[in-house]
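Just so it is clear, the structure is predicted and the values come from calculations on it, not from any experiment. For this chain, numbers begin at 1 and follow the sequence in order.
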Amino acid sequence: MEKITGAEAMMRCLEKEGVDVLFGYPGGAIMPTYDALFDHKEGLHHILVRHEQAAVHAAQGYARVSGKVGCAIVTSGPGAMNTITGVADAMIDSTPMVVICGQVGAAMLGTDAFQEVDVVGVTQPITKWNYQIRRAEDIPWAVARAFYIAKSGRPGPVVLDFAKNAQTALIEYEPQTVDFIRSYNPNPLCGEATIAKAAEMINQSVKPFMLVGQGVELAGARAELLALCEKAQIPFGETLLGLSAAPSDHPLNMGMLGMHGNLGPNVMTNQCDLLIAVGMRFDDRVTGNLKTYAKQAKIIHFEIDPSEIDKNVKVDLAVLGDCKQTLAAVVDLVEPTSHNSWIEGFRPYAEKEYNKVIDKALHPTSGPLLMGEVVRKVSEAANNEAILVTDVGQNQMFGCRYFKFTHPRSVVTSGGCGTMGFGIPAAIGAAFGAPERTVCMFCGDGGFQMTIQELGTIMEQQCPVKMILLNNNYLGNVRQWQYMFFNKRYSFTPMLNPDYEKIAEGYGIPCRTVVEREDLDAAIREMLDSDGPYLLQCAIKEEDNVLPMTPPGGSVDEMLLEVE
C-alpha cells in the first residue's frame, strides 16, 4: 500500500468529506499541511484570510448558507487562540465547523515550546468534540469522526489539534467512514405516544402559538413546519436565527421574537393557551423575565438536543428528535381547524407597532437617514431574495427587523455570542457558500473596524459582497442603553472614524457615501448592479434607537415603543 505523509492524508480525508473551501492562515506548526495543500489547490479552494478569527467566522458563514460543514485551518499558539471567539460563537449558534490547528510535535508537548498552547484544554468547554492527533495513523479516524460529530444531531464545532510529527510521519493511508459512535445518540427518537399527545394538545388548543427557531433551518423542515401551521392554523413567530425558516410574507408569520422583536408575537406569548417551541432554546433575549414568561400556557418543545429540555423553561411535553421527522408525524394526526379570532388578535398590536415605530423608521420625511429605511430599501431592491449578513449591534437589530426573506438559509448573524467583527468575514464565507446568491452585509462603524483587515481578503478574492456601512459615529447599541438606562452618560461610545472611502480605495473596492435621502435609491442600485465587492456608506442619524424594546429584566409583554 502507498505510503504518504500525515499532511497528505489530511488533505485526502478533507476531500473525502466533501470539503471544497478552506479558510485559513499558515504558520510554523501547520506548515507541512500547507505544503501538502499546495498540491490540492484544485479540489480544496483555500481562502487566505488576514486574521485567524476571520477564518472561523468565514467558515461559519459558509456553513450557515450552504448546509455543509465549514472548515478552517490555522497554526498553533496565537493562531489557534485567535479562533476561540469563532469556535464559541459556532457552539452556541449550532454551526457545523471543523477547525484544524497546528501543534508542536508530540515529544515537545508540555514543555512550553515555542507557540505551544493547550488547545484541547482551552476549547473543551466550547466544542462538541476536540481531539489531539499525535500519530499519523489516527488521522483518517479522527477526521471522519470530527465531521460526523460536527454535522449530526444538533450541529456544532469540532477542533482537531494536529501535532507536527503527525503531519510529517509516513503512513499507509486507508480512508475511514464514521456513521456511528457508541454512547453518542445524535438523533433521539420519540415514541408514537409522544407524537399522539402533541397532536392531541394542538387539537384541543384554542389559542396556539408557535416559536420557530434555527433548528427548522438546520433540519430543512420548512415544508413540514408550514404544513402543520397551515393545517391547524397556528400563527408563529421566529427567533433571530430562525427568521428565514419561513417566508416573511406568509400570512401566519407574525414576525420576530425577542428583545427587539415585533410587539404582537411577544405580547401574545403571554396570552396563548399552547406554546409550541420548535428548534429553539428559550434564550433569555426571547423569554425576558422567566418568572412571567408564558405562565398561562401549556408548552410543547420540539428539540433534537435533550440537554435543552427544561433547561430554561419547564415544558409539558418534550418531542425529541429531528423536527423534520417529528413535525411530519404530528401533521398526520392534527385536525384541520381555524383560529380566526385568535389570529386576528395579533392585528391591533401590529397596527400599534406600525404607527408608533415602523412607519417612522421606514418613511421619515426629513432629517438624517435612518437605519431601518436603508435596510428595507436594500432588501426590496434585491427583491427580498438576498442573504442577510449582519455584524452585531443596532445594525443587527435593524437588519433583522426590516430585511425580508423569501428563501431558507438567508440569515447569517451572531446570535448567542453577539460577536462584533462577525459581519465582514461571515459575509465572505456566505459568498463562497452560496455563490449564486446576492450577499448583503450590514455593519456599524464599530464592528466594521474590528475585522476591517478582511477587506484584503475581499480584494484578493474579488468576493462580491455588498457591504452597507451604517455609520452613526457611535457604538450605537451601547449608546442606546446609555441613553435609556444610564442617564445619557455616553461613556466612551462616541467614535472618531477614519475616511472609509480612502480605505476602500486602497483596497480597490468601489465605494459611495450617501448623506441625502434623495441619493439613496440610486446608490443602492449602483451597488447591487456592480459585479464585484462594493462598500456603501450611509451617514445615519446619530441617536437612532432600535424599538420596540423589552427592557432588561422585563416581561415580554412590557415592550417599550418609544423612549423619552
Side-chain angles (χ1 to χ4, degrees), residues 67 94 96 128 148-149 151-156 178-239 242 245-246 250 252 269 272-282 294-339 342-343 408:
S94 305
K128 279 190 74 177
Y148 173 65
I149 291 174
K151 65 187 177 185
S152 59
R154 179 181 179 178
V178 173
D179 55 15
F180 171 79
I181 298 173
R182 189 174 62 181
S183 78
Y184 172 57
N185 181 19
N187 190 9
L189 301 177
C190 66
E192 293 183 3
T194 301
I195 296 295
K197 180 62 176 177
E200 178 186 358
M201 292 173 70
I202 293 171
N203 289 335
Q204 292 176 351
S205 173
V206 177
K207 297 187 291 183
F209 184 49
M210 183 176 287
L211 313 180
V212 177
Q214 188 194 193
V216 175
E217 293 267 58
L218 296 172
R222 172 185 277 204
E224 291 76 13
L225 170 83
L226 294 180
L228 176 57
C229 290
E230 290 167 0
K231 186 175 183 180
Q233 284 295 286
I234 303 171
F236 60 87
E238 296 166 312
T239 67
H250 193 283
L252 293 173
T269 295
C272 66
D273 63 5
L274 178 65
L275 195 65
I276 307 163
V278 184
M280 54 87 71
R281 58 187 179 84
F282 289 109
K295 294 301 180 183
Q296 79 294 338
K298 291 183 178 180
I299 302 176
I300 303 174
H301 194 176
F302 288 79
E303 177 58 51
I304 199 168
D305 183 358
S307 70
E308 291 294 344
I309 302 299
D310 294 333
K311 186 176 81 174
N312 296 326
V313 174
K314 181 73 175 177
V315 302
D316 297 278
L317 182 67
V319 184
L320 287 173
D322 186 326
C323 65
K324 185 175 182 66
Q325 301 169 5
T326 54
L327 288 173
V330 171
V331 169
D332 292 337
L333 300 180
V334 297
E335 300 168 357
T337 188
S338 62
H339 297 290
W342 164 241
I343 294 171

Quick one: does any side-chain atom of Asp273 pair with a main-chain N or O of Lys207 as donor and acceptor, under 3.5 Å? yes

Determine whether a donor-acceptor pair (N or O, by modelled atom type, separation under 3.5 Å) exists between the side chain of Trp342 and the backbone of Pro208. yes

Using the rule side-chain contact (heavy atoms from CB on, under 4.5 Å), only one of Asp332, Leu327, Leu333, Val334 pairs with Val330; which is it? Val334

Could you measure the distance from the OG atom of Ser152 to the CG atom of Asp179? Nearest 0.5 Å is fine. 10.5 Å

Taking only residues at least two apart or on different chains, which pairs with a member in residues 215-231 satisfy side chain to side chain donor-acceptor pair (under 3.5 Å)? Glu217-Ser244, Glu224-Lys324, Glu230-His250

Counting only pairs under 3.5 Å, give me each side-chain donor-acceptor contact of residues 185-198, with atom names and distances, residues two or more places apart or in other chains.
residue	atom	partner	partner atom	Å
Asn187	OD1	Asp322	N	3.0

How long is the gap from CZ on Phe302 to CG on Leu228, to the nearest 0.5 Å? 6.5 Å

Does any part of the side chain of Gln233, heavy atoms only, come nearer than 4.5 Å to the side chain of Pro336, both counted from C-beta? no

Measure the spacing between CD of Gln214 and CZ of Arg154 and express it to the nearest 0.5 Å. 9.0 Å

What are the two closest heavy atoms between Asn203 and Glu335, and how far apart are they? OD1-N, 2.8 Å

For the student: nearest non-hydrogen atoms of Cys323 and Gly215, plus distance: SG-O, 3.7 Å

N/O donor-acceptor pairs under 3.5 Å from side chains in residues 310-320, not counting sequence neighbours:
residue	atom	partner	partner atom	Å
Asp310	OD1	Val315	N	2.9
Lys311	NZ	Glu308	OE1	3.1
Lys311	NZ	Glu308	OE2	3.0
Asn312	ND2	Arg281	O	3.2
Asn312	ND2	Phe282	O	3.1
Asp316	OD2	Ile299	N	2.7

Measuring from Met280:CE to Leu211:CG, what's the distance to the nearest 0.5 Å? 5.0 Å

Test item: Gln296 side-chain N/O and Cys272 main-chain N/O as donor-acceptor pair under 3.5 Å: yes

Is there side-chain contact between Thr269 and Phe209, with at least one heavy-atom pair below 4.5 Å? yes

Could you state the interatomic distance from OG (Ser205) to NZ (Lys298), rounded to the nearest 0.5 Å? 9.5 Å

At their closest point, which heavy atom of Leu218 faces which heavy atom of Ser94, and how far apart are they? CD1-O, 3.8 Å

If you round to the nearest 0.5 Å, how far is OG1 of Thr326 from CD of Glu303? 10.0 Å

Can you list the steps and then say if Met210 with Leu252 is a side-chain contact (heavy atoms from CB on, under 4.5 Å)? CA-CA 10 Å; Met210 183 176 287; Leu252 293 173; over 6 Å; no

Could you go through Phe236 and Val278, starting from their C-alpha distance and side-chain angles, then the distance that decides it, and tell me whether this counts as side-chain contact (heavy atoms from CB on, under 4.5 Å)? CA-CA 10 Å; Phe236 60 87; Val278 184; over 6 Å; no

With heavy-atom distances below 4.5 Å as the criterion, would you say the side chains of Leu274 and Ile202 are in contact? yes

